[in-house]
Number of protein chains: 2
Amino acid sequence: MPPRKKTERIAPPAKSASAVPGKAQTINDIARLAEVSKKTVSRVINQSPLVHKETRDRVEAVMREFNYTPDPFARGLAFRRSFLIGMVYDNPTAQYIVNMQYGALDAIRDSGFELVVHPCDSRSPGYIDGVRRFVQQQKLHGVMLVPRVSEDQALADMLAEIDCRYSRIASVSLDQASRMVITHDRDGAAEAADYLQSLGHRDIALITGPSSYRSAHERTAGFVEALAKRGIELPRERVVEAGYTFESGVASAERLLAGNQRPTAIFAGNDEMAAGVYKVALRAGISIPQELSVIGFDDSPLASRLWPALSSVRLPIRDMGRIAASMLLAEPAAASALAAASVRPHLIVRDSCQPPAR
Amino acid sequence: MPPRKKTERIAPPAKSASAVPGKAQTINDIARLAEVSKKTVSRVINQSPLVHKETRDRVEAVMREFNYTPDPFARGLAFRRSFLIGMVYDNPTAQYIVNMQYGALDAIRDSGFELVVHPCDSRSPGYIDGVRRFVQQQKLHGVMLVPRVSEDQALADMLAEIDCRYSRIASVSLDQASRMVITHDRDGAAEAADYLQSLGHRDIALITGPSSYRSAHERTAGFVEALAKRGIELPRERVVEAGYTFESGVASAERLLAGNQRPTAIFAGNDEMAAGVYKVALRAGISIPQELSVIGFDDSPLASRLWPALSSVRLPIRDMGRIAASMLLAEPAAASALAAASVRPHLIVRDSCQPPAR
DNA sequence: CTGAAAGCGCTTACAG
DNA sequence: CTGAAAGCGCTTACAG
């Protein structure tokens with residue numbers, strides 16, 4: 001190799017023919033300017049250790065100088081893999097989705113990756129094929145699975161089969177650690193139960209989400225078990241299964257609040273249903289929290305908009321999204337570490353509870 | 001050209017070596033199987049008219065047979081343009097964003113395009129550069145600009161400069177027709193005014209959004225003008241500017257509802273602020289709608305969760321998103337036609353208004 | 001209406 | 001530690 005002057009090689013080119021720093025360069029330009037082969041430039045792009053430090057510095061300086069970023073399509077074509085991560089979800093609430101997206105975006109910021117969204121309908125028969133096409137067509141680097149699709153083992157199996165990396169967000173572990181973000185809904189529900197018990201409530205009712213949802217199961221179990229631990233039983237008639245919707249919350253509250261033998265507190269499996277309880281109580285002239293304490297789950301914006309402001313169990317959704325996306329970018333080992341630093345829900349106390357009157 | 005047997009050329013190959021219909025083929029495979037050059041296959045992919053009908057049919061049959069879809073990265077590399085459309089937005093409400101995304105997804109379904117999301121902070125100085133990098137890096141096919149960033153002319157100018165197609169969603173026309181989805185917020189606000197007037201309200205108050213928002217300006221103007229047309233003046237002290245947030249709605253309502261000379265109705269520039277009015281009224285024991293009528297704007301989920309259910313002006317957000325995305329895919333002429341079939345808001349009447357008591 | 005050549009901007013073997 | 005060749009799967013001129 002011909003000797004090469006090592007200092008001051010990179011003559012700063014006439015900067016800014018336009019206001020925008022030029023951006024049109026290719027790997028060939030960088031290679032020429034840095035006086036190396038394009039393969040070497042490729043190595044520094046991909047952070048190969050097999051590059052002499054001085055060479056690397058020189059190449060990096062040129063890349064910075066020209067504001068160079070490699071073309072994702074050329075890389076995608078050669079790698080047979082894109083720099084896109086997908087978020088697959090099935091119709092949870094808007095706030096949930098948006099926060100999850102923000103979290104994912106936090107994780108991929110300045111990484112060169114972008115987020116592609118894929119809502120779907122897990123009840124429609126072809127939905128798994130739809131995800132498969134999405135993944136294969138776009139050669140996705142990986143996908144985040146948000147509840148409730150995250151609970152669908154058939155989906156996960158399909159992804160494993162086509163060798164697509166994924167991360168699952170769910171209330172309990174459903175997969176190997178490096179693929180799971182566990183939300184521990186159970187603990188949050190237990191916190192709600194403890195709080196109600198500490199206030200002095202004994203006659204408590206529960207509106208659960210649909211039993212087909214893992215989160216509903218966990219929230220219910222956490223709540224019931226925590227109460228049991230404190231010596232409070234939940235009679236069968238004080239537990240109503242609903243659909244996580246406002247309307248189902250209304251219907252459940254109507255059942256629970258009919259007659260004289262009302263519970264002094266209601267825990268709803270999410271805020272939507274808690275809002276339904278509010279509606280029924282307000283309409284019936286039952287004042288919250290004087291005559292009825294209410295707790296929700298999710299800490300959606302709704303919770304603080306209601307009056308009196310609803311105490312609710314907050315899930316750190318944005319963090320969940322950030323971690324799930326990070327796991328997709330990280331090496332398996334690092335992904336497991338991320339999983340370990342897992343998220344915990346906690347109760348946000350507002351104005352919807354007080355000790356029972358009687 | 002050598003004569004070619006025209007019938008039954010395409011021998012159905014041993015289908016499904018695996019359960020999944022093979023998908024790994026390239027343009028070369030299709031060309032070979034259809035006995036044409038890859039360039040001809042490329043022509044049918046791109047719907048060039050310069051292909052003999054029989055040739056086209058044959059090629060299409062093979063493509064279908066093998067479940068072939070062209071590689072978006074190879075196309076992206078050759079075209080220097082991707083099959084991704086971007087949605088750029090600055091922090092409106094979650095429901096708004098999610099519905100907009102659904103609409104955009106409606107438009108690109110089965111088109112081979114995908115949606116990439118790009119929230120940003122329009123108050124941060126570098127945000128336009130951030131969008132530029134996003135667009136150039138991903139070679140986006142186009143971007144949808146959602147309020148309020150859609151109102152930023154500097155953003156639009158930058159996109160025009162780098163020759164990126166875009167569509168803007170805004171309450172009034174800000175650009176050439178083929179780039180605009182006009183939401184006519186003014187008309188929706190006028191409908192709210194007419195409704196309150198028809199119920200007999202004369203002493204009406206208004207909580208506006210921030211004057212820097214075009215939508216706030218339009219909603220205010222539409223409301224004030226419609227009232228004026230019916231001979232109702234809005235005195236200065238009955239108009240309060242707020243920030244489109246719940247908290248600012250609370251503060252505004254506190255000012256408006258203090259003292260004895262209360263208005264009989266309040267129109268809030270969005271549902272968040274209307275929820276603030278609810279909070280203040282409920283806390284002060286002012287009953288809705290008996291003593292105070294309230295109307296919001298957006299028809300967010302919140303509107304129906306409040307009690308009594310809030311009447312609100314609905315914007316067909318999903319339609320807006322669908323049209324904005326369609327415009328990006330369509331030819332300019334077709335895009336203008338889409339723009340013409342523009343969207344209109346309308347009032348959803350619920351339980352938050354009635355004739356004034358006095 | 002159809003095709004052979006060159007190229008888009010990267011990476012993967014393979015050498016050295 | 002570095003490089004020359006071939007290739008990823010498409011499209012753009014250019015011919016005919």
Side-chain angles (χ1 to χ4, degrees), chain A residues 1-4 6 22-60 62-63 66-83 112 136-139 141, chain B residues 1-4 6 22-60 62-63 66-83 112 136-139 141:
Chain A
M1 196 164 68
R4 201 191 271 135
K6 290 209 174 135
K23 244 220 75 171
Q25 309 73 18
T26 72
I27 197 173
N28 291 303
D29 301 319
I30 303 300
R32 183 166 32 76
L33 261 21
E35 297 188 336
V36 294
S37 74
K38 63 203 275 198
K39 178 56 199 156
T40 295
V41 178
S42 172
R43 284 201 183 87
V44 350
I45 291 171
N46 292 293
Q47 309 187 46
S48 158
L50 303 178
V51 182
H52 208 88
K53 168 132 180 44
E54 283 173 2
T55 311
R56 171 187 310 283
D57 289 347
R58 190 148 37 90
V59 172
E60 284 179 342
V62 175
M63 298 201 306
F66 286 84
N67 207 355
Y68 167 79
T69 53
D71 182 310
F73 295 92
R75 299 186 83 194
L77 183 58
F79 268 140
R80 287 168 200 71
R81 171 159 280 188
S82 77
F83 295 87
Q136 292 188 322
Q137 173 80 23
Q138 299 298 319
K139 296 195 175 65
H141 178 266
Chain B
M1 194 163 65
R4 201 191 270 133
K6 289 207 175 140
K23 242 220 74 169
Q25 310 72 18
T26 72
I27 196 172
N28 291 303
D29 301 319
I30 303 300
R32 182 166 32 75
L33 259 23
E35 297 187 336
V36 294
S37 74
K38 62 202 275 199
K39 178 57 199 157
T40 295
V41 178
S42 172
R43 285 201 183 87
V44 350
I45 291 171
N46 292 293
Q47 308 187 46
S48 158
L50 304 178
V51 182
H52 208 87
K53 168 131 181 43
E54 284 174 2
T55 312
R56 171 188 309 284
D57 289 347
R58 191 147 36 89
V59 172
E60 284 177 343
V62 176
M63 296 200 307
F66 285 84
N67 206 357
Y68 167 79
T69 53
D71 182 311
F73 295 93
R75 299 186 83 196
L77 184 57
F79 269 140
R80 287 168 197 72
R81 170 160 282 187
S82 78
F83 295 86
Q136 292 187 323
Q137 174 79 23
Q138 299 298 320
K139 295 195 176 64
H141 177 266

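Throughout, protein chains are lettered first and strands after them, A, B, ... in sequence-line order, and every chain is numbered starting at 1. Side-chain atoms are counted along with the backbone in the values below, which use heavy atoms only and exclude waters and symmetry mates.
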> Measure CD/A/E35 against P/D/dC1 and give the value in whole Å, please.
20 Å
> Is any side-chain nitrogen or oxygen of A/T26 closer than 4.0 Å to OP1 or OP2 of C/dG9?
no
> Between P on C/dC10 and CG on B/L77, what's the gap in Å once rounded to a whole number?
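Going from B/L77 (CG) to C/dC10 (P), I get 9 Å.
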> Please compare B/K139 and B/R56 by the position of their nearest nucleotide in DNA chain C and report the one closer to 5'.
B/R56
> Which dot-bracket string describes DNA chain C (Watson-Crick N1-N3 plus N6-O4 or O6-N4, or G-U N1-O2 and O6-N3, all under 3.5 Å; [ ] crossing; | other strand)?
|||.||||||||.|||
> Find the distance B/Q47:CD to D/dC10:P and express it as a whole number of Å.
16 Å
> Knowing that exactly one of B/V62, B/I27, B/L33, B/D29 qualifies, which makes a side chain to side chain contact (heavy atoms under 4.5 Å, CB included) with B/Y68?
B/I27
> Nucleotide by nucleotide, 5' to 3', does protein get under 4.0 Å of the base (B), only the sugar-phosphate (S), or neither (-) in nucleotides 11-16 of chain C, counting heavy atoms?
BB----
> Return the value, rounded to whole Å, for the distance between atom CD1 of B/I30 and atom C1' of D/dG9.
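Between C1' of D/dG9 and CD1 of B/I30: 12 Å.
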> Taking all non-hydrogen atoms of both residues into account, name the closest pair between A/P49 and A/R56 and its distance.
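Result for this residue pair: CA-NH2, 4.1 Å.
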> Ignoring backbone atoms, test whether B/T55 places a side-chain nitrogen or oxygen under 4.0 Å from the OP1 or OP2 oxygen of C/dT2.
yes
> Rounded to whole Å, how long is the line connecting atom CG of A/N28 with atom C1' of C/dG9?
7 Å
> State, to 0.1 Å, how close A/R81 and A/H141 come at their nearest heavy-atom pair, and which atoms those are.
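In terms of heavy atoms, the two residues are closest at CD-CD2, 4.0 Å.
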> Establish, with yes or no, whether the OP1 or OP2 oxygen of D/dG3 is under 4.0 angstrom from a side-chain nitrogen or oxygen of A/T40.
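So the side-chain polar atoms of A/T40 do come within 4.0 Å of the phosphate oxygens OP1 or OP2 of D/dG3, strictly under.
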> Can you check whether A/N28 reaches A/R32 side chain to side chain, under 4.5 Å on heavy atoms?
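No. Closest side-chain heavy atoms not under 4.5 Å.
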> Quick check: do B/D71 and B/T26 have side-chain heavy atoms less than 4.5 Å from each other?
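B/D71 vs B/T26: side chains apart.
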> Pairs under 3.5 angstrom only: tabulate donor-acceptor contacts from the side chains of residues 37-46 of chain B to other protein residues two or more places apart or in another chain.
| unit_1 | atom_1 | unit_2 | atom_2 | d |
| --- | --- | --- | --- | --- |
| B/S37 | OG | B/K39 | N | 3.3 |
| B/S37 | OG | B/T40 | N | 3.2 |
| B/S37 | OG | B/T40 | OG1 | 3.4 |
| B/N46 | OD1 | B/R75 | NH2 | 2.5 |
| B/N46 | ND2 | B/S42 | O | 3.0 |

> Using whole Å, what does the distance between atom P of nucleotide D/dC10 and atom CG of B/D71 come to?
6 Å
> Please find the pair of heavy atoms, one from B/R58 and one from B/E35, that lie closest to each other, and give the distance.
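Result for this residue pair: NH1-O, 4.0 Å.
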> Whole angstrom is fine here: how far is it from CZ in B/R58 over to P in C/dC1?
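So the CZ-P distance, B/R58 to C/dC1, works out to 14 Å.
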> So which heavy atom on B/F73 is nearest to which on A/S82, and how close?
CZ-CB, 3.0 Å
> Has A/Y68 got a side-chain N or O lying under 4.0 Å from the OP1 or OP2 atom of C/dC10?
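So the side-chain polar atoms of A/Y68 do come within 4.0 Å of the phosphate oxygens OP1 or OP2 of C/dC10, strictly under.
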> Could you tell me the separation between the CZ atom of B/R32 and the C1' atom of C/dT2, rounded to a whole number of Å?
19 Å
